[in-house]
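First the structure, in the form of structure tokens, and then the observations on it.
For ligands, and for the atoms within them, numbers begin at 1 and follow the listed sequence.
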Amino acid sequence: MKTLLICGGVGGAKLAKGFFLKNHPMDILINVGDDFNHFGLHISPDIDTVMYTLADRVNQEQGWGLADESWTTLNNIEFLDGETWFQLGDKDMATHLVRTQLLKNHSLTETTKKISLSFNLDINLFPASDEPIETMIHSGNSCLTFQEYFVKQKAEPKVTSIAYRGLEKASLNKRIDLNSYDNFVICPSNPYLSIDPIIKIQELNKFLSQNKEKVFVVSPIVANRSLKGPTAKIMQSLNLDVNVVSIAKHYNYIAKNIFLDDLDKHYVNEISSLGMNAYVSKKLVMRSIQDKVSLAEDVIRILNG
Ligand code: FO1
């Protein structure tokens with residue numbers, strides 16, 4: 001039994017950690033829509049968030065970046081009146097320096113493999129694509145890159161639409177053989193910002209829509225609120241009802257199964273009427289390691305039939 005986890009940043013990384021601790025056979029396909037160039041460095045926030053989380057090195061409060069970080073370089077950038085809106089810690093910066101250098105002669109997939117082995121991770125962390133896919137946020141007349149919207153402007157602009165620059169030309173990570181997986185789990189990451197730039201890659205989109213019964217969504221919305229980040233706010237901006245039913249409708253064309261929180265069990269009938277199997281889990285909110293493991297156990301139980 002092998003699973004492909006489809007994963008964004010913080011929320012996805014937490015479920016991936018649960019699967020990892022359960023030793024569930026899997027590869028992880030990670031969003032690259034947040035990637036950007038900063039000070040000439042190639043930053044891959046979601047890849048790093050998953051990698052640091054699995055390696056027990058993540059800053060637990062933030063959910064991104066490294067624990068026990070120091071900020072000497074950032075403080076000196078500030079002294080030089082440089083850009084400090086994107087907080088790069090000294091240790092984290094080493095990851096971006098090495099990645100940027102490796103990328104001169106290697107693909108992002110090869111680069112990620114090499115860096116993750118340094119973190120003692122013998123697991124495939126696959127970038128969704130080796131070609132760029134950039135999540136672009138339209139807010140009225142302005143068009144922002146993901147990090148400009150999310151970090152620089154603190155997710156405050158009203159989102160009017162979202163585009164994925166490069167998506168039509170990008171191919172799915174070449175190392176992925178879709179037929180080799182028994183099932184696909186869509187992690188509780190932001191559907192619009194983090195998951196769509198992966199599942200809308202043509203080859204994957206076609207495969208999932210033809211194999212819906214193998215696809216399991218874990219809802220990023222619990223009790224009409226986001227598990228993390230601006231998912232609920234974006235849903236409001238896009239005039240969607242903020243509840244797990246909207247999440248089910250969003251994924252209905254590619255997924256037959258969805259996990260929802262016990263607090264949302266009153267939505268089961270409405271979701272079933274969409275033709276989806278709704279599985280109720282005790283707790284989708286993952287604060288502790290035990291939360292991550294028990295949600296992974298709930299999902300794995302259903303995957304195993
Ligand atoms: N998120 C922030 O909200 N503020 C930051 O300054 C910030 C810096 C940062 C540095 C490296 C890295 O790998 C991630 C970082 N993130 C930061 C998270 C990043 O913006 C992610 O794209 C989001 O967490 C969404 O997944």
**Test: Asp182 and Lys214 ion pair at under 4.0 Å** =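 No, Asp182 and Lys214 are not salt-bridged.
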**Prompt:** Should Lys17 and Asp56 count as an ion pair when the cut-off is N to O under 4.0 Å?
**Reply:**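 Looking at Asp56 together with Lys17, the answer is yes, because their closest N to O distance falls below 4.0 Å.
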**Asked** Mind checking whether Phe39 and His96 have ring centres under 6.0 Å apart?
**Response**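 No - the distance between ring centres of Phe39 and His96 does not fall below the 6.0 Å cut-off.
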**Prompt:** Would His42 and Leu108 count as a side chain to side chain contact (heavy atoms under 4.5 Å, CB included) if you check the C-alpha gap in whole Å, the side-chain angles of each, and the deciding distance to 0.1 Å?
**Reply:** CA-CA 10 Å; His42 184 110; Leu108 186 59; 4.2 Å; yes
**Message:** If the condition is side chain to side chain contact (heavy atoms under 4.5 Å, CB included), which residues does His106 pass it with, not counting sequence neighbours?
**Reply:**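 Side chain to side chain contact (heavy atoms under 4.5 Å, CB included) check on His106 returns Leu102, Glu110, Thr111.
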[atom]: nearest protein contact (heavy atom, Å):
{"atom": "atom 9 (C) of ligand 1", "value": "Phe86 CZ, 3.2 Å"}
{"atom": "atom 24 (O) of ligand 1", "value": "Phe150 CE2, 3.9 Å"}
{"atom": "atom 7 (C) of ligand 1", "value": "Trp64 CH2, 3.2 Å"}
{"atom": "atom 3 (O) of ligand 1", "value": "Val151 CG2, 3.8 Å"}
{"atom": "atom 19 (C) of ligand 1", "value": "Pro45 CB, 3.8 Å"}

**Message:** Please evaluate residues Leu29 and Cys7 with respect to the criterion side chain to side chain contact (heavy atoms under 4.5 Å, CB included), reporting the C-alpha separation (whole Å), side-chain torsions for both, the decisive distance (0.1 Å), and the verdict.
**Reply:** CA-CA 6 Å; Leu29 188 63; Cys7 194; over 6 Å; no
Return a yes/no value for [X]: is any of its N or O atoms, backbone included, closer than 3.5 angstrom to an N or O of ligand 1?
{"X": "Gln87", "result": "yes"}
{"X": "Asp46", "result": "yes"}
{"X": "Gln147", "result": "yes"}

Pairs under 3.5 angstrom only: tabulate donor-acceptor contacts from the side chains of residues 121-129 to other protein residues two or more places apart or in another chain.
from   : atom 1 : to     : atom 2 : distance (Å)
Asn124 : OD1    : Lys113 : NZ     : 3.1
Asn124 : ND2    : Asp27  : OD1    : 3.1
Ser129 : OG     : Glu131 : N      : 3.0
Ser129 : OG     : Glu131 : O      : 3.4
Ser129 : OG     : Glu131 : OE1    : 3.4
Ser129 : OG     : Ser171 : O      : 2.8

For [X], counting its heavy atoms only, list the atoms of ligand 1 lying under 4.0 Å from any of them.
{"X": "Asp92", "value": "10 (C), 11 (C)"}
{"X": "Trp85", "value": "6 (O)"}
{"X": "Asp34", "value": "21 (C), 22 (O), 25 (C), 26 (O)"}

**Message:** Hydrophobic clustering (ILVMFWY, side-chain heavy atoms < 4.5 Å, transitive) - are Ile201 and Ile28 grouped together?
**Reply:**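 Linked, Ile28 and Ile201 end up in one cluster.
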